[in-house]
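The next block holds one structure in the form of structure tokens; read it before the comments.
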Amino acid sequence: MSLRPLYLEGGTGWRVKLDDGVALHVSTAGRARSLYPLRRLARVVCGAGTEWETAALLACLRAGVPVLFHDAQGEAIAWCFGPRRRETTLAELLGEGLRHPDWQTFFDQWQRSTMRREVLAALRQLGSRRGRLDAAAVRAHLCNLHRDRTGQPAGPWLRALHRATTALVMENLQSALGDPALIGFARPGLHLARLFAELMEWRLHRLLHRVPAAIFADATPGRFAAALVERHTADLQAACGELLGDLEHQLREWLL
């Protein structure tokens with residue numbers, strides 16, 4: 001369930017009362033009353049002339065629903081805050097987004113822009129410049145850099161790192177969302193765990209190219225990947241957190 005703001009247009013003569021302690025009863029002359037459950041409200045925005053019952057205002061503040069009063073020009077003149085703040089969780093935002101008719105357009109755009117940002121960051125860290133940012137071309141370029149530096153193909157090392165990192169991604173998604181249904185195939189073709197693991201690939205390129213070339217001579221991909229991921233767990237978790245944080249920010253901007 002996603003939290004939604006309630007906007008009460010100024011100059012309409014709104015009256016707000018408390019209904020059974022769990023909802024705002026909003027009415028005005030010539031309109032049927034409307035009920036807004038407190039548990040579904042993110043905030044209330046209203047004109048200074050809105051008539052509030054004290055119990056209704058206090059109920060908002062106790063529920064962590066801030067109330068903004070503005071003047072006739074739309075300028076904020078007062079905020080009312082309670083002892084706590086209430087936010088829509090990432091899981092709620094994602095659930096709301098998945099039900100939105102424009103979800104695919106939103107998510108495709110987010111995925112493309114995020115992939116581009118990750119690719120550019122990898123190229124910058126490796127001191128490489130490429131005019132073409134096609135993922136496959138950049139991947140081949142970075143793998144060639146690794147082979148030139150170490151004398152070994154990058155594929156086995158990257159695949160081992162990917163396997164080791166995927167479990168870390170799953171752990172972060174489970175912690176952030178808490179709902180397996182949102183992580184795996186929430187919609188046909190959408191598997192968030194697989195997608196985030198793919199986005200993390202570019203962090204793995206950056207990590208791999210920081211390893212001294214001599215280490216690869218005596219290492220095996222599986223053990224090497226396990227040790228490297230263990231050593232850089234905090235960095236990889238932070239990277240996954242950045243991706244999740246950006247998705248949450250974009251969802252809030254789009255939905256709320």
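All residue numbers in this chain count up from 1 along the given sequence.
- For Asp148, the CG atom is densely surrounded, since the number of other residues' heavy atoms within 6.0 Å is greater than 12.
- Distance check, rounded to the nearest 0.5 Å: CG of Leu35 to CG of Asp19 gives 5.0 Å.
- Rounding to the nearest 0.5 angstrom, the gap separating the CH2 atom in Trp110 from the CE atom in Met115 is 9.5 Å.
- Contact check for Glu242 versus Arg203: side-chain heavy atoms found under the 4.5 Å cut-off.
- Summarising the local packing, CD of Glu53 is surrounded by more than 12 heavy atoms from other residues, nucleotides or ligands at distances under 6.0 Å.
- Two residues are said to be in side-chain contact when any heavy atoms from C-beta on lie closer than 4.5 Å; Ser27 and Trp14 fail this criterion.
- Annotation for Ala160 and Gly222: closest pair CB-N, 4.2 Å, computed over non-hydrogen atoms.
- Taking a 6.0 Å sphere around CZ of Arg223, one finds it holds 12 or fewer heavy atoms contributed by other residues, nucleotides or ligands.
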Kindly determine whether Arg252 and Glu248 satisfy salt bridge (Lys or Arg N to Asp or Glu O under 4.0 Å), including the steps that lead there. CA-CA 6 Å; Arg252 288 189 190 281; Glu248 180 174 353; 2.8 Å; yes

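- Contact check for Phe216 versus Arg149: side-chain heavy atoms found under the 4.5 Å cut-off.
- Within 6.0 Å of atom CD in Gln104, more than 12 heavy atoms from other residues, nucleotides or ligands are found, so the atom counts as buried in its surroundings.
- At least one side-chain heavy atom of Met170 sits under 4.5 Å from a side-chain heavy atom of Ile183.
- Annotation: side chain of Leu208 is in contact with side chain of Trp157 (closest heavy-atom distance under 4.5 Å).
- Residue Arg116 places its CZ atom among 12 or fewer non-hydrogen atoms of other residues, nucleotides or ligands, all under 6.0 Å distant.
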Can you list the steps and then say if Arg117 with Asp246 is a salt bridge (Lys or Arg N to Asp or Glu O under 4.0 Å)? CA-CA 12 Å; Arg117 186 172 64 247; Asp246 184 66; 3.4 Å; yes

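- Counting non-hydrogen atoms of other residues, nucleotides and ligands closer than 6.0 Å to CE of Met200 gives a total above 12.
- The same ILVMFWY cluster, assembled from side-chain heavy atoms under 4.5 Å apart, contains both Leu207 and Ile215.
- Between Glu92 and Thr89, some side-chain heavy-atom pair lies under the 4.5 Å cut-off.
- The minimum heavy-atom distance between Pro5 and Ala42, with the atom names listed, is N-CB, 4.2 Å.
- Few gaps surround CD on Gln174; more than 12 heavy atoms of other groups in view lie less than 6.0 Å from it.
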Hey, mind stepping through Leu38 and Cys60 against side chain to side chain contact (heavy atoms under 4.5 Å, CB included) and telling me if it holds? CA-CA 7 Å; Leu38 290 166; Cys60 284; 3.9 Å; yes

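- Aromatic pair Tyr7/His70: ring centres not closer than 6.0 Å.
- Linking ILVMFWY side-chain heavy atoms closer than 4.5 Å, directly or via other members, places Leu98 and Phe106 in a single hydrophobic cluster.
- Between the Asn144 side chain and the Ala140 main chain, a donor and an acceptor come within less than 3.5 Å of each other.
- The closest side-chain heavy-atom distance from Asn172 to Phe196 is not below 4.5 Å.
- Taking the six-membered ring where the residue is Trp, Trp254 and Trp103 present tilted rings, their angle falling between 30° and 60°.
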Should His205 and Glu201 be marked as a side-chain hydrogen bond (donor to acceptor under 3.5 Å, both in side chains) after you check the CA-CA gap, both sets of side-chain angles, and the distance that decides it? CA-CA 6 Å; His205 279 286; Glu201 173 195 352; 3.3 Å; yes

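- Between Leu8 and Val45, every side-chain heavy-atom pair lies at or beyond the 4.5 Å cut-off.
- Shown here for Leu142 and His209, the closest heavy-atom pair between the two residues is O-NE2, 3.2 Å.
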